[in-house]
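Please read the structure below before turning to the comments.
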Amino acid sequence: MAKHKGRGWHSRLLAAALGVTAVAVATSVWTAQADTVGGRQPEARVSAPDAGSHDRAKVAADIAHASDRGARGVNITIDDGPDPVWTPQVLQLLKDNGVKATFCMVGTQAQAHPDLVKAVVAAGHRLCNHTVSHDTAMDTKSEAYQSQQILDAERMITKASGGVRPQYYRAPGGAFTPYSRHLAASRGMRPLGWNVDTKDFERPGADTMVATVKSEISNGPTVLFHDAGGDRSQTLAALREILPWLKQQGYSYGFPVR
């Protein structure tokens with residue numbers, strides 16, 4: 001699973017979220033100190049959504065790659081949105097091909113476009129937590145910061161969806177840590193990796209993306225695309241070709257295992 005480096009668009013997202021982050025991290029540190037006195041773990045209190053966690057199914061903390069459709073299953077995952085220009089087009093394309101996907105949403109994007117989050121849920125797709133601000137260096141940051149990024153994004157996405165919680169957690173650029181994986185799993189969000197990186201963020205051309213999927217799908221079922229962060233017309237063109245091709249090869253579309 002390749003780790004993406006820093007990107008200009010994500011840097012702007014991070015800068016836009018700094019106000020929220022500063023306050024949340026300060027609160028997290030205070031709470032962690034208070035909990036330490038009582039001998040409790042801080043992660044249960046840091047920036048946690050209002051609802052309790054007793055109704056969340058327990059999930060494993062290791063990074064999932066497999067499909068719930070078995071050996072011939074494929075998981076289409078769409079990252080970084082929702083985006084008002086590209087997400088509706090991706091949703092229509094998925095509908096046209098009878099495909100359900102997993103949308104890994106950035107908290108600030110979900111907060112800004114709750115109508116699109118609801119549209120994703122209404123179409124039968126699943127939600128994935130992709131943190132508040134897509135900081136690809138978050139694995140080098142404090143546990144309080146990681147907690148803020150994960151738990152605040154969970155709250156933002158759940159609120160935007162109208163109460164539907166994300167079922168997965170994907171670290172930006174693959175920047176997982178043991179702490180972040182276990183924290184996400186404790187909230188019912190299975191850590192989610194990928195097997196095929198189309199590198200559509202770099203806009204290498206639709207033909208290149210299609211060739212990547214065709215040559216690498218044997219590596220595993222989870223395929224990474226994006227619906228935000230710039231011009232995603234190449235992504236749409238690649239999906240138009242690859243979705244029916246995978247079906248022709250005998251694959252079926254599912255969701256990542258939990």
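Model, not experiment: these values are computed from the prediction.
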Could I get the full list of salt bridge (Lys or Arg N to Asp or Glu O under 4.0 Å) partners for Asp200, not counting sequence neighbours?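 Expected list: none.
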Test side-chain hydrogen bond (donor to acceptor under 3.5 Å, both in side chains) applied to [X] - qualifying residues, sequence neighbours left out:
X: Thr212; value: none
X: Gln167; value: Arg258
X: Asp207; value: none
X: Asn75; value: Ser67, Thr222

Report the C-alpha distance between Asp62 and Arg190 in whole Å, list the side-chain angles of each, state the deciding distance to 0.1 Å, and finish with yes or no for salt bridge (charged side-chain N to carboxylate O under 4.0 Å, His left out). CA-CA 8 Å; Asp62 60 312; Arg190 178 74 184 266; 3.2 Å; yes
Is it possible for you to say whether [X] and [Y] belong to one hydrophobic cluster, with membership spreading through side-chain heavy-atom contacts below 4.5 Å?
X: Ile63; Y: Val223; value: no
X: Phe255; Y: Val59; value: no
X: Leu93; Y: Val210; value: yes
X: Ile242; Y: Met209; value: no
X: Ile78; Y: Leu127; value: yes

Shortest non-hydrogen contact between [X] and [Y], atoms and distance:
X: Gly254; Y: Asp68; answer: CA-OD1, 3.5 Å
X: Pro166; Y: Met189; answer: O-CG, 3.3 Å
X: Phe201; Y: Gly229; answer: CZ-O, 4.0 Å
X: Gly73; Y: Pro221; answer: O-CB, 3.1 Å
X: Ala110; Y: Ile157; answer: CB-CG1, 3.9 Å
X: Trp86; Y: Asp227; answer: CB-O, 3.4 Å

Is Lys247 atom NZ crowded by more than 12 heavy atoms from other residues, nucleotides or ligands, each under 6.0 Å away?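 Yes, NZ of Lys247 has more than 12 neighbouring heavy atoms, counting only those of other groups under 6.0 Å.
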From [X] [atom1] over to [Y] [atom2], what is the distance, rounded to the nearest 0.5 angstrom?
X: Thr87; Y: Leu116; atom1: OG1; atom2: CG; value: 5.5 Å
X: Glu154; Y: Ile150; atom1: CD; atom2: CD1; value: 9.5 Å
X: His130; Y: Leu192; atom1: NE2; atom2: CG; value: 9.5 Å
X: Asp80; Y: Arg170; atom1: CG; atom2: CZ; value: 9.5 Å
X: Arg155; Y: Arg187; atom1: CZ; atom2: CZ; value: 11.5 Å
X: His65; Y: Asn219; atom1: NE2; atom2: CG; value: 11.0 Å

Does Arg181 qualify as a cation-pi partner of Phe176, given the criterion of NZ or CZ under 6.0 Å from the six-membered ring centre and within 45 degrees of its axis?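 The answer is no; the distance or angle limit is not met.
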For Tyr251, does the six-membered ring have the charged nitrogen or CZ of Arg69 within the cation-pi criterion, i.e. under 6.0 angstrom from the centroid and within 45° of the normal?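 The answer is no, since Arg69 fails at least one limit relative to Tyr251.
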Under 3.5 Å, is there a donor-acceptor pair between the [X] and [Y] side chains?
X: Ser180; Y: Thr177; value: yes
X: Tyr179; Y: Ser147; value: yes
X: Arg72; Y: Ser252; value: no

My understanding is that only residues two or more places apart in sequence, or in another chain, count here; which of them pass ring-ring contact (aromatic ring centres under 6.0 Å, His included) with His125?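 With sequence neighbours excluded, His125 shows a ring-ring contact (aromatic ring centres under 6.0 Å, His included) to Phe103, given in chain and number order.
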Taking the side chain as every heavy atom from C-beta outward, state whether Tyr168 and Asn129 have any pair of such atoms under 4.5 Å apart.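 The answer is no; the side chains never approach within 4.5 Å.
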